[in-house]
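Letters A, B, ... mirror the listed sequences (proteins, then strands); counts begin at 1. Every heavy atom of this structure was used, including side-chain atoms; hydrogens, water molecules and symmetry mates were not.
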Number of protein chains: 4
Amino acid sequence: MPTNSKKTTANPAHGRRRELLATAAEVFATQGYNATTVRRIADEAGLLAGSLYYHFDSKESMLDEILSGFLDELWTGYDAVLDAGLGPRETIEALVTESFREIDRHRAAVAIYQKESRHLVTQPRFGYLVDSQRKFEKAWLGTLERGVADGSFRADLDIRLAYRFVRDTVWVAASWYRPGGTHSPEEIARQYLSMVLDGIAGREPAA
Amino acid sequence: MPTNSKKTTANPAHGRRRELLATAAEVFATQGYNATTVRRIADEAGLLAGSLYYHFDSKESMLDEILSGFLDELWTGYDAVLDAGLGPRETIEALVTESFREIDRHRAAVAIYQKESRHLVTQPRFGYLVDSQRKFEKAWLGTLERGVADGSFRADLDIRLAYRFVRDTVWVAASWYRPGGTHSPEEIARQYLSMVLDGIAGREPAA
Amino acid sequence: MPTNSKKTTANPAHGRRRELLATAAEVFATQGYNATTVRRIADEAGLLAGSLYYHFDSKESMLDEILSGFLDELWTGYDAVLDAGLGPRETIEALVTESFREIDRHRAAVAIYQKESRHLVTQPRFGYLVDSQRKFEKAWLGTLERGVADGSFRADLDIRLAYRFVRDTVWVAASWYRPGGTHSPEEIARQYLSMVLDGIAGREPAA
Amino acid sequence: MPTNSKKTTANPAHGRRRELLATAAEVFATQGYNATTVRRIADEAGLLAGSLYYHFDSKESMLDEILSGFLDELWTGYDAVLDAGLGPRETIEALVTESFREIDRHRAAVAIYQKESRHLVTQPRFGYLVDSQRKFEKAWLGTLERGVADGSFRADLDIRLAYRFVRDTVWVAASWYRPGGTHSPEEIARQYLSMVLDGIAGREPAA
DNA sequence: TATGAATGAGAGTTCATTCAT
DNA sequence: GATGAATGAACTCTCATTCAT
């Protein structure tokens, strides 16, 4: 028996789990959770449907592991930003950049989250989604409010509307983003920030 | 002769169909198409599952009718805007406003479209979704290009990115919009346009 | 109000019934009883499925009326032959000829009978099918036995086998017979009788 | 080492399929394909309806496998006869004998074929039925024609009528034949051939 | 670890039948 | 006589899950 079995990559068993979860996430993202059969995941992974149950309790537990894994990493990044003591504008910039990085690394999980979270939040098992949403909203709303207060952001904003605007604008990108494309996540973040912060209108309006 | 005989309710047969489609759309939007059972729709409509098949060929044909009905109305509005000979900026403003009006009138259909269109486009039956998407892209991209050319929009925009930005930004609103709320569609459109066109940053950056 | 309404064709109501039964018989024969939907019959007859229930109690009662109507006419013809006091060979000839006449007049009913009688006989409602079969077997077997006894038929016949041979040979013709073709029923009967009685082999065997 | 390892039971997976197909064939033959529920087959086989779908794609694919399996074996036998270079009369004798052997081995499949082929031929999936029918007709008609030409068969025959006569006469036997009865297939074939070739009439007509 | 076979609940759909109008 | 709408039972089929091997 291995002595350091708690490490992630060191454990071959964990390696297999990850592979299977990655496969499952890809299929969930493409077809939707409900429309995905356990058989399809197994096919894609090269084993039989029943064999997946050696690794996971249920289809739902795969989904759970995918989403919670993603959220854990997301909050590691977000918390680092929020704890850095940046100004409102720089915080928004950092959060948006971090978000695109997460989309880059967890595209499938993000896509699943977008499609499925609305009805998952009603299930006790996925209570952490509600917690995450609340924390998320608090972080963004708070930053926007601070920014309006100190003049970083326009005073005439409907804050809740602006929050939804920025939030959706960023995350929906997961629906079309393909890792390894021409733009790096940071590059996309920069362009998005440019549009969100300064708008798309020309400085000198057309005659 | 009645003065209001041109209204939809004049045809009782079509009235029932509409009611049932509205019910189905609501459930599809809430639970997702795949996760929605025909029995659930029937329950909600107050009849038995089998009875729905007197009115519709299949669950899929309900979805079809909902989406095509929505797109028909959408394009009536869009075409009116596109044929009006407006400048690029005014066109974008009119399209965004029209979009929020459609979200107001077809909230469920829009939500369904957002969630399901990605895999529906692969089915021949829903080929019109592809057509619509192409036409949609052409209208928005073209307007943005014209606007960059005449200085209405910033010259340094990545046009495709800007297109996705505006497109998603508007339509995702269907996921949280509730008709009859405090903001009218036109009011929301105005605020969105303000953010999209001029950004959320303050004019005088914070010290 | 008509004074002689008890006659068959005189009563317009009966006329409608007959039309509908003829339509139903045609569809039953083509598709099989089970595979035929009441809606299909109604379509073919130019009314709605529910409306058939003004004329008939049930789908099964249509089948019943078709089969019993056919058997009534069949036995009128058969009884006339059997009561005519003919010799065995002439009796067989007359029965076969009469059978082809019935196939000509009741093709659909005969086809239905062939396909469905086997499982219908188990239902009490169709008990008359069993009676008819018994009477049928008695008539044919008896005639064959008489014929063997008086030398009309070969002495080395397995009578039961010969009975099945003649019976099937005749009635299966309903599966390909089309009224109004080049051969009259009497002509077909003559050719069949020639084969059944004298065989298809050449008189002088080929070297 | 087992001496009979070449038998079908050597492959356990195929063994189960065969069992299930045999059960299905029996029920289809008895009740008719349409009237047979998948549940009934499952009951008869001792498992649940859904479990059948582990082995077969659909009810229709069971039917398909039953019929194509039967036709494959039938044509193996027929082709051997047709390739043997026999004279017309001997060919007919061999084909009839082979047919009764097939009825003996595939009674259920033959009965199903008789009842269902007429509407199955319209479905593309069962196109091979049409092919088989054409080949069948060609083989029998050709043999009869050759026989008329060389005097083996009567010159005054309507060939098509004779073809149908022989064809039906043989295959309808599947509707009453029960394997393991008093007559072997070869014995029945001999008696049938005697009737078909030489007729049932006595040599010396009754005075 | 993985397979092959089965389970059982529930899905979408069909259809004979009913009945108020 | 016929329609339009609905019923309710049954059907074929799907699928997450289990378990002996």
Please examine the side chains of Ser175(C) and Arg118(D), heavy atoms only from C-beta on, and report whether any two atoms are closer than 4.5 Å.
yes
Taking for each residue the nucleotide of DNA chain F with the nearest heavy atom, is it Thr36(D) or Gly50(A) whose nucleotide lies nearer the 5' end?
Thr36(D)
Closest nucleotide of DNA chain E for Lys59(B) versus for Leu52(D): which of these residues is on the 5' side?
Leu52(D)
Which residue lies more 5' along DNA chain E, comparing Tyr33(C) with Val38(B) via nearest heavy atoms
Val38(B)
Below the 4.0 Å mark, does [N] have OP1 or OP2 next to a side-chain nitrogen or oxygen of [X]?
X: Tyr53(D); N: dT14(F); value: no
X: Tyr54(A); N: dT1(E); value: no
X: Arg16(B); N: dA6(F); value: yes
X: Arg17(B); N: dG4(F); value: no

What do the steps show when you test Tyr113(B) against Ile66(B) for side-chain contact (heavy atoms from CB on, under 4.5 Å), and what is the final call?
CA-CA 9 Å; Tyr113(B) 183 92; Ile66(B) 290 166; over 6 Å; no
Return the nearest nucleotide to the side chain of [X]; candidates are [options].
X: His55(B); options: dT14(E), dA5(F), dA2(E); answer: dA5(F)
X: Leu47(C); options: dT3(F), dA2(E), dT18(E); answer: dT3(F)
X: Thr37(B); options: dT17(E), dT1(E), dA11(E); answer: dA11(E)

base_contact_polar (dG10(E) base, Arg39(B) side chain, donor-acceptor, <3.5 Å)
no
Is the shortest side-chain N to carboxylate O distance from Lys115(D) to Glu116(C) below 4.0 Å?
no
CZ of Arg125(A): more than 12 outside heavy atoms within 6.0 angstrom?
yes
Quick one: [X] [atom1] to [N] [atom2], roughly how many Å, whole number?
X: Ile41(D); N: dA6(E); atom1: CD1; atom2: P; result: 15 Å
X: Phe56(A); N: dT17(F); atom1: CZ; atom2: C1'; result: 15 Å
X: Glu60(C); N: dC15(E); atom1: CD; atom2: P; result: 18 Å
X: Gln31(B); N: dG10(E); atom1: CD; atom2: P; result: 16 Å
X: Asp64(C); N: dA16(E); atom1: CG; atom2: C1'; result: 17 Å
X: Asp43(B); N: dA6(F); atom1: CG; atom2: P; result: 15 Å

Checking N1-N3 plus N6-O4 or O6-N4 for Watson-Crick, or N1-O2 and O6-N3 for wobble, each under 3.5 Å, the partner of dA20(E) is dT3(F)
Run the numbers on Tyr128(D) and Asp64(D) for side-chain contact (heavy atoms from CB on, under 4.5 Å), then give the verdict.
CA-CA 10 Å; Tyr128(D) 60 86; Asp64(D) 194 347; 2.6 Å; yes
Remember a base hit wins even if backbone is also touched, and classify Ser51(D) as base, sugar-phosphate or nothing at under 4.0 Å, heavy atoms.
base
Check every strand shown and say whether Leu48(D) touches a base, only sugar-phosphate, or nothing at a heavy-atom separation below 4.0 Å.
base
